[in-house]
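Input: a single structure, listed below in structure tokens.
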Amino acid sequence: MATANREGLNGIEEGDGVIIVDHGSRRKESNLMLNEFVAMFRERNKYPIVEPAHMERDCSRNKKTVGIRKREVGGRGGREAGIAGAIVSGLLRYGRVGDAIAYFERNPFRSLFSWTAVISGLVQNGLSFKAMKVFLEMVQHGVMPNAVTYTSVIRACGELGDFNLGMCVLGLIVKVGFERNLSVSNSLITFNLRLNDTVSARTIFDRMQSKDVVSWTAILDMYVQMGELAEARRVFDEMPERNEISWSTMISRYSQSGDAEEAVNLFIRMVQQGFKPNKSCFASVVSALASLEASVMGRIVHGHILKIGMERDAFIGSSLVDMYCKCRSIKEGRVVFDSILEKNVVCWNSMVSGYSLNNQHEEAKELFGMIPQKDNISWNSLITGYLEYEKFDEVFEVFDDMLLSGERPSKSTFSSVLCACASLASLQRGKNSHGKAIKLGFHDDIFVDTALLDMYAKSGDVESAKKIFQRMPKRNEISWTAIIQGLAENGFAEEALAVFDEFERTMSIARNELLILAVLFACSHCGLVDKGLHYFNSMEKVYNIQPNDRHYTCVVDMLSRSGRLSEAEKFISDMPCEPEIQAWAALLSGCKTYRNERMAERVAEKISELAEKHPEGYLLLSNVYASAGRWLDVLHMRKQMKEKGLKRSGGCSWIEVRNQPHFFYSQDGSHNEFMEIYGVLELVRSEMLLT
DNA sequence: ATAGGGTTAG
């Protein structure tokens, strides 16, 4: 709560439906499990050290140590236990986890095989915690795990992200001498990567006497995790051996890092070299095609998927639905969606966000209501759809429903909701959301913090924005852009430029277009025209950024504001790209300020030409004529707008009182208490005149 | 029976 107050938040509202998820009970259970493992180490006699060379025989000898089991199993135990293992693993392969466990628990033939099958099946079905409990039970029954068991167990520890548990298992592995086993080492590499320990991963890899395609593929991921995709590619290119999975990994990594084009290129090369893409690979490449909105190639790949009969698979189906919806073919997406046999939550989410991001909110909401097991992303899909189409009230409505349903918002949820607050410049809602974010433990997240500081800046609370920026332990280029833009927009342009100087001195991250735009904006607003021009001219050389139409508009604005009108006019006519209508508008407003009637006429003419294509031009002109008192021209413009079917969507101010926004349009009388409000205003005005 | 790869929101 102290943090909240320091950042300008006046306490958090009670009873707002926030539910804090409790992870305590599982942690307790995990600690109990740790104690059991520690006990295992201490009881040397019960779990004897076995020489690696005798490992195979030890597995079978083990059955002798389990006295009771042996009697139950009887003479044909080995074979029957083998069948039991096969049944269990068969059930697990079809995701029938409950049936498999029930069978396993009822069946007396619990061999090393069936124990291992259950453990690996649980891990593959995302039930790693349960897998660890079964593993513990297995060891307590006196059944000695073998290398295959340990690979699954290590994977489970990695999936749980539990370092201590992993170390205990590693201890057992070393104790029984499996640490040199190829498969075990491979799984240890991934375990370390999951826990962000790239150094240990590398050490294990380097120490391995023999490496296979699995080891190489795992180490490829180490470079991806270190943010060195190019280095990963080098490993991939130089690997002694490649299979479908190595190809698949590289393709998915490109797709996930936003380089969809390279993902597709690699896919084509893979097919050319005679590799058969499998389910995962198709899913990755379709996802890459979705982000490229490449419907032609998308359809071709879809054809191949149909050929091998995988369209009805949940993984491939989800990415196909996404691909069609991103290409605006929602109906085709729906056909694929309906054809998926066993829909998981991802399939539903794909279709919901397909509708949602194509402005079909009713359909999205209806489908959302039908999801059997909603997750975080289901909610977020609905929220981002509303945000994208500026339906802010709905954003808050869904957010409230989400909290009431008990679903924990994620950092994505908060960045969407805060973005809605920022768009409404609603400090009240923003602070409320800030409170919820703190309550749910998101106060040190770079995305949430950036959204918060942007919200405060856009709502005019610069002090709070600055405080958040200063306390952020890590900042990315988006955070820097937000603070610079925020300061400049609120009239602290010099300070914005000082922050940019600090950024230039201390940060080595790449500058992006938006950051430079914010800097130009700041220069424009504190009259530092030459400095602004300097930044603009060095964009390509120093920052390697091609200026876009918004940068050009900013420069026109900068020149016009400072009265360098002829320079501005020349700049606009020399532009290599089509000027935005806002550029002309900026020049026109400069002409007005510096009373250059002749240039104003020329510019106005240009704008009315452009208004054919950009109807908002009429609005601009009508405003300019209105302020010059040229009412005949205003009427003419209004008539044009009416003919073009353009609704008057011009200037409007609003203020929030007790969570209720009150709007004031530039035509008077739109507010229903307008008489009273203007009465009070008149009173205030006369008081001011008296003093 | 196993370790490496998969889909959705930002």
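Just so it is clear, the structure is predicted and the values come from calculations on it, not from any experiment. Note on naming: letters A, B, ... go to the chains in the order of the sequence lines (proteins, then strands), and numbering restarts at 1 for each one.
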What one should report as the nearest heavy-atom pair of A:S152 and A:V123 is O-CG2, 3.7 Å
Take atom CZ of A:F315 and atom C1' of B:dT8, then tell me their distance rounded to the nearest Å.
-> 11 Å
With a 4.0 Å heavy-atom cut-off, tell me which residues in residues 212-228 of chain A come close to DNA chain B, sorted by residue number.
-> A:D212, A:V213, A:V214, A:D221
Under 4.0 Å between a side-chain N or O of A:T384 and OP1 or OP2 of B:dG10?
-> yes
Checking B:dG10, B:dT8, B:dT2 against the side chain of A:S183 (C-beta onward), the nearest is B:dT2
Any donor-acceptor N/O pair under 3.5 Å between B:dA1 base and A:N146 side chain = yes
Answer with base, sugar-phosphate or nothing: what part of the nucleic acid does A:K211 contact at a heavy-atom distance below 4.0 Å?
-> nothing
When we call it a touch if two heavy atoms are under 4.0 Å apart, what does A:N243 touch: a base, just sugar-phosphate, or nothing?
-> base
What nucleotide among B:dT7, B:dG6, B:dA1 has an atom nearest to a side-chain atom of A:D313?
-> B:dG6
Which atom pairs, one a donor and one an acceptor, fall under 3.5 Å between side chains of residues 359-373 of chain A and the rest of the protein, sequence neighbours left out?
from, atom 1, to, atom 2, distance (Å)
A:N359, OD1, A:H361, NE2, 3.0

Apply the test side-chain contact (heavy atoms from CB on, under 4.5 Å) to residues A:D454 and A:T450: give CA-CA distance (whole Å), side-chain angles for both, the deciding distance (0.1 Å), then the verdict.
-> CA-CA 6 Å; A:D454 191 49; A:T450 304; 5.6 Å; no
Residue pairs involving residues 263-284 of chain A (criterion salt bridge (charged side-chain N to carboxylate O under 4.0 Å, His left out); sequence neighbours excluded) = A:K279-A:D313
Rounded to whole Å, the CG-P distance (A:L182 to B:dG4) equals 13 Å
Rounding to a whole Å, what distance do you find between A:I340:CD1 and B:dG6:C1'?
-> 14 Å
Residues from residues 244-256 of chain A sitting under 4.0 Å of DNA chain B, heavy atoms only?
-> A:I245, A:S248, A:T249, A:S252, A:R253, A:Q256
Set of residues satisfying ring-ring contact (aromatic ring centres under 6.0 Å, His included) with respect to A:Y150, sequence neighbours excluded | A:F135, A:F178
Return the residues of residues 347-360 of chain A meeting this criterion: a heavy atom under 4.0 Å from some atom of DNA chain B. Order them by number, or give none.
-> A:N349, A:S350, A:S353
Find the distance A:M208:CE to B:dG4:C1' and express it as a whole number of Å.
-> 11 Å
From B:dA9, B:dA3, B:dT7, nucleotide with atom closest to A:R155 side chain | B:dA3
Taking atom C1' of B:dT8 as reference, at what distance in whole Å does atom CG of A:L320 sit?
-> 13 Å
Atom-pair distance (CZ on A:F414; C1' on B:dA9), nearest Å = 15 Å
For A:R408 and A:N376, test the side chains for any donor-to-acceptor distance below 3.5 angstrom and give the result as yes or no.
-> no
A:S152 side chain near B:dT2 phosphate (N/O to OP1/OP2, under 4.0 Å) = no
Would you say the side-chain atoms of A:T413 and A:S410 include a donor-acceptor pair closer than 3.5 Å?
-> yes
Output for pair (A:F163 CZ, A:C168 SG), nearest 0.5 Å, gives 10.0 Å
Touch class at under 4.0 angstrom, heavy-atom based, for A:A147 against every strand present = nothing
For the residue pair A:S215 and A:D212, establish whether any side-chain heavy-atom pair is separated by less than 4.5 Å.
-> yes
Is any side-chain N or O of A:S416 closer than 4.0 Å to OP1 or OP2 of B:dA9?
-> no
Length of the line joining A:M138:CE and B:dA1:P, which is rounded to integer Å = 15 Å
d(CG, A:L122; P, B:dA3) in whole Å | 13 Å
Fit a plane to each ring of A:W348 and A:F337, take the angle between them on a 0 to 90° scale, and name the class: parallel (under 30°), tilted (30 to 60°) or perpendicular (over 60°).
-> perpendicular
Answer whether the closest heavy-atom distance between the side chains of A:M402 and A:L382 falls below 4.5 Å.
-> no
In terms of side-chain heavy atoms, does A:S378 have a donor or acceptor partner in A:D375 at a distance below 3.5 Å?
-> yes
Determine, step by step, whether A:V286 and A:V301 satisfy the side-chain contact (heavy atoms from CB on, under 4.5 Å) criterion, reporting the C-alpha distance in whole Å, the side-chain angles of both residues, the deciding distance to 0.1 Å, and the verdict.
-> CA-CA 7 Å; A:V286 171; A:V301 174; 3.9 Å; yes
Identify whether any heavy atom of A:S284 sits under 4.0 Å from a base atom; if not, whether one sits that close to sugar-phosphate; answer base, sugar-phosphate or nothing.
-> sugar-phosphate
Taking N and O atoms by type only, does the side chain of A:S319 place a donor or acceptor under 3.5 Å from a partner on the base of B:dT7?
-> no
